Amino acid sequence: MEKNTQFLKKMLFVVAVLLCNVSFSQNSSLSGKVTDAKGSAIAGANVVLSNSKSTLTDADGVYTFTSLADGSVTVTVSYVGFATEQKTADVSGSTTLDFQLQEDSKVLEEIVVTGVVNPRAKIKSSVSITTLDVKQVEQSAPRSTAEIFRTIPGIRSESSGGEGNANISVRGVPISSGGSKYLQLQEDGLPVLLYGDIAFATADIFTRFDRNVAKIEAIRGGSASTLSSNSPGGIINFISKTGKTEGGSMATSFGLDYSDFRTDIEYGARIGDGLYFHAGGFYRTGEGVRSPGFTANNGGQFKMNVTKEFESGSVTVYAKFLNDRAAAYMPMPIKVTGTNSDPNWESISGFDATSATQQSPYLLHNVGLDGNGNIRRGNVADGMHPVSKSIGASVNFELADGWKVTNNGRFSSNSGQFITPFPAEVASAATIANSFGAGSTLTYANDGTPFNNPNGLVSRIHMFDVELNNFNNFMNDLRITKKFDKVGITAGYFKSIQNISMSWLWNSYLQEVSDNNPRLINVTDGSGNLLSSNGLYAYGVPFWGNCCTRNYDTQYNVSAPYANVSFEATDKLSLEGGIRFDIGQVNGSFAGSSQTVYDINNDNVISAPETSVSAINTANTTAVDYDYDYVSYSVGANYLLDAKQSVFARYSKGASAKADRILFSGLDYLDGDKINALDYLAQAEIGYKRKFDKGYLYATFFSSTTTEEGGFEATSNSIIENDYRSMGLEIESSYSVNNDLNLRGGFTYTKAEITSGANDGNEPRRQPKLMYNFIPTYKFSKGKNMVGLSFIGQTKAYAQDNNELVMNGYVIVNGFVEVGITKGLSLNLAGNNLFNTLAITEAEEGSITDNTTNIVRARPLPGRSISMSLSYRF
């Protein structure tokens, strides 16, 4: 018993000594201060140890870790807008390790992921690519997603349609029928919609920029044709934050001279060993930058993702919910005098084209027959109303023996509405009245008084009322890569199923031209018979031959195997080539209109408009069952002249397939060989990239050839079919003159021409020779405050392919002032189009009568708008 007692005493002594040693070995600390290049403290920087411990710097930029074991530890410090820095420290007792972070000015070493099979530095890639972070986006004071793209060289973004429905093109490639036909919009590497130019359902309608976005990558030409379907011109990819860098922000913004209120919030952090999350979104409400007389902007978006990192890879699961409403702006009546070659564009008396709309509180509903022949009502306040519910997952793993596998898949349930007034004709009251027969008269629908608008103009409104019934899609991109000594081989398989089910249910109205709640107009014939009801004179569009009551129910099933080979020929020369084979299977049906007598308002009286009501002719549908296929390829080379500069060359050819644009064209939709389903684009480019100590310069010479088979354009009720050729130069640069002053900008020179048809030799419509942007920013008060301007402009362009009517060049000046109130809290005042410039982006008419007053239907950019926001970063 005594021996046992002595043994226990000895064991307790040993344990006590061990505990004491452990206590001493775990009692060291590590602390330090994180500052910027000027020595100012950075609050909220993320500091992570190699043992997975992490913390944030306090208001003075100080971090502290206690109870550390003695020994070597790796410390990583990161903060949004700064380059991540990593150091190793030998911890013993009280150890100090300071960090001075450098601003991440998007230099050429930045790693890009869009349009490449493996992430690589810009200076080593043989593609033209632009990267924008959240701060750079805010500096151009955009009012819509499409306005962001105007600062990207080579991209032509006609952002006059509101929050969506923009026309987007690249490097002189034509905007033939609206949308982004040759340019793919993506979210986290997958297309938002498989086709970018679906009528009334363009990809940007289903895309919203908010603070969930870490950066935007945009490539022009290059490998885009082989790494995504229907994207031979380029890719614009919205890349989400992951939460790996802990922190978040919240911001509230509102219009000072217009009605709009918006709140954004986002946050991300580590929630476990190798486990991260990020979540956030926005909600907004208001009229918007134009005043329709009702709440036009109403809705929001929520996104989240969770990432789990493993020793050899990671898995990210992500989701999105979008339910938003925004007004869609169509061409507006504008007065044009002078000559076709030297016109003077200005607002009409009583209708300010920079602020007015054709939406009106007098026209809030559109009633007619739906796709099933039942009475339905469309709400004009819905405007562009996308509803999208998405869930997806991205998997990346490094395998043994140099193998790597990645898979990115997503399912989206998409639906919604597109409804907005379109002016099919703007003319004098007498011209409109006489179109209903001699002796017809016009009166205001709300009170029966005779029409007496001082400018004497009346719009024949076609209500573009489209139900987006089912635009669900599934996207999946699988890649397997094998790395050898100097050779990398990638094999991939892309699969997509895209539904396109929508119903066009259009009606016709008469409305005065006014920017103050325009009123509806009734028409009475010479015998005193009322031909309209509350401004509606037809359930359909007889002015266009009742063309546009129609229904689509089609599905597009696309499979695309592809391969890419890269070869590091020397330390300086790298070669790359890729090939893709797209196979599309299309099936479904579509139906046009028939006229019928129907008592729409259920008053047991058949009014004049009810004698001929457009309805979907469900008894006479056209079957769709055809295939298409095309091959895309791309080859490129990049040569490092030295560590700071490189040159590259690339040639690529691809195609963009049509979807709904070729339906209702009278083709044989059961035979793919007889359908003009494909448009081809070939591009060659030579580029130079140069890094400076305080900036960078990109310069790319490009040449492209487009072979189009034509597609339907709803606004002109016609099929556009031309071939095109373009060449030009795009330059992008950023330079920090000192720690406070940064100059960023770019310009694109394009010489383009039509090479077929009646307009052979003419310039493509709406294509300026020069587009440019210049964005200087200046920090003051030791970097706490910032002021900046952005100049975004273009030279003149022709309204239509006949090259008669000129749309004048313009420059839009935006500006902002940001004031730091306290740590993390700032106030921002931003102005868009400060000089209220009347900037025309498109026009329906291709010519005017010289030296007279003409009324042209054109789409202008919105006028001056001032907003204020209060944001807090934490």
Side-chain angles (χ1 to χ4, degrees), residues 150 153-160 166-183 197 220-221 232-234 331 336 338-345 679-685 701-711 713 715-716 718-730 747-772 792-811 839-848 850 856-861:
R150 295 188 303 176
I155 301 294
R156 184 163 109 252
S157 181
E158 298 177 351
S159 54
S160 52
N167 301 318
I168 308 169
S169 189
V170 58
R171 290 180 170 174
V173 176
I175 295 176
S176 52
S177 54
S180 56
K181 177 175 180 57
Y182 299 96
L183 186 97
D197 65 337
R220 287 86 66 192
V336 184
T339 64
N340 278 284
S341 60
D342 186 22
N344 180 33
W345 298 74
D679 298 320
Y680 291 91
L681 173 62
Q683 292 190 81
E685 52 193 311
F701 172 80
F702 61 85
S703 175
S704 66
T705 302
T706 309
T707 303
E708 270 196 349
E709 294 296 328
E713 182 183 57
T715 56
S716 63
S718 63
I719 293 177
I720 308 298
E721 183 172 359
N722 280 319
D723 296 335
Y724 305 84
R725 180 172 59 230
S726 66
M727 61 185 298
L729 174 68
E730 62 186 32
F747 79 86
T748 305
Y749 173 79
T750 306
K751 179 177 174 56
E753 66 174 327
I754 301 169
T755 58
S756 69
N759 295 308
D760 188 3
N762 286 357
E763 297 179 20
R765 60 178 181 163
R766 292 146 49 189
Q767 176 62 60
K769 280 188 168 61
L770 182 65
M771 301 182 296
Y772 55 91
I792 302 172
Q794 67 175 55
T795 54
K796 68 179 183 180
Y798 289 109
Q800 295 294 339
D801 291 339
N802 59 6
N803 284 189
E804 293 187 40
L805 178 59
V806 168
M807 300 187 301
N808 297 333
Y810 59 82
V811 57
I840 307 300
T841 65
E842 64 177 89
E844 298 300 306
E845 286 76 18
S847 64
I848 61 172
D850 288 349
V856 172
R857 297 165 299 154
R859 205 161 76 168
L861 293 173

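The model shown is predicted, which means the values in this text are computed figures rather than measured ones.
Side-chain contact between L770 and P768: absent, with no pair of heavy atoms (C-beta onward) separated by less than 4.5 Å. For the pair Q800 and E842, the minimum side-chain heavy-atom distance is 4.5 Å or more.
Under 4.0 Å is where a charged nitrogen must lie from a carboxylate oxygen, and between R859 and E844 no such pair does.
Atom OG of S157 and atom CD1 of I168 lie 4.5 Å apart (nearest 0.5 Å). N722 CG to S756 OG: the interatomic distance, rounded to the nearest 0.5 Å, is 5.0 Å. Atom CD of E804 and atom CG of N340 lie 5.5 Å apart (nearest 0.5 Å). A distance of 10.5 Å separates CG of L183 from CG of L681, quoted to the nearest 0.5 Å. Separating the OG atom in S726 from the CD atom in Q767 is a distance of 7.0 Å, to the nearest 0.5 Å. Note that the OH atom of Y749 and the OH atom of Y772 stand 15.5 Å from one another [nearest 0.5 Å].
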- [ ] Show your reasoning for whether salt bridge (Lys or Arg N to Asp or Glu O under 4.0 Å) applies to K769 and E763.
- [x] CA-CA 10 Å; K769 280 188 168 61; E763 297 179 20; 2.6 Å; yes
Task: Working for side-chain contact (heavy atoms from CB on, under 4.5 Å), residues Y798 and V806 - done: CA-CA 5 Å; Y798 289 109; V806 168; 3.7 Å; yes
Open item on the list: Determine whether V856 and W345 satisfy the following criterion, side-chain contact (heavy atoms from CB on, under 4.5 Å), listing intermediate values before the conclusion.
Closed with: CA-CA 9 Å; V856 172; W345 298 74; 4.0 Å; yes
TODO: Please step through side-chain hydrogen bond (donor to acceptor under 3.5 Å, both in side chains) for the pair N803 and N759, ending with a clear verdict.
DONE: CA-CA 8 Å; N803 284 189; N759 295 308; over 6 Å; no
TODO: Show the numbers, then the answer: is there a side-chain contact (heavy atoms from CB on, under 4.5 Å) between I840 and Y810?
DONE: CA-CA 8 Å; I840 307 300; Y810 59 82; over 6 Å; no
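When every heavy atom of V336 is checked against every heavy atom of P343, the shortest pair comes out as CG1-CB, 3.7 Å. T748 approaches G154 most closely through the heavy-atom pair OG1-N, 2.7 Å. Summarising the geometry of N762 relative to D801, their closest heavy-atom pair is ND2-O, 2.9 Å, with the distance given to 0.1 Å. Taking every heavy atom of both residues into account, G172 and A752 meet most closely at O-CB, 4.4 Å. Nearest heavy-atom pair, P174 versus T706, reported as atom, atom and distance to 0.1 Å: CD-OG1, 3.8 Å. Across every non-hydrogen atom of L861 and S159, the tightest pair is CD2-OG, 3.7 Å.
Every side-chain hydrogen bond (donor to acceptor under 3.5 Å, both in side chains) that E158 has, sequence neighbours left out, goes to N167, R766. Residues forming a salt bridge (charged side-chain N to carboxylate O under 4.0 Å, His left out) with E730 (at least two apart in sequence, or on another chain): R171, R220. For T705, the side-chain hydrogen bond (donor to acceptor under 3.5 Å, both in side chains) criterion is met by no residue, not counting sequence neighbours.
For the side chain to side chain contact (heavy atoms under 4.5 Å, CB included) criterion with Q794, the lone passing option out of M807, M771, R150 is M771.
Between the side chain of Q683 and the backbone N or O of P232, at least one donor-acceptor pair lies under 3.5 Å. Checking side-chain atoms of T755 against main-chain N and O of D723 turns up a donor-acceptor pair under 3.5 Å.
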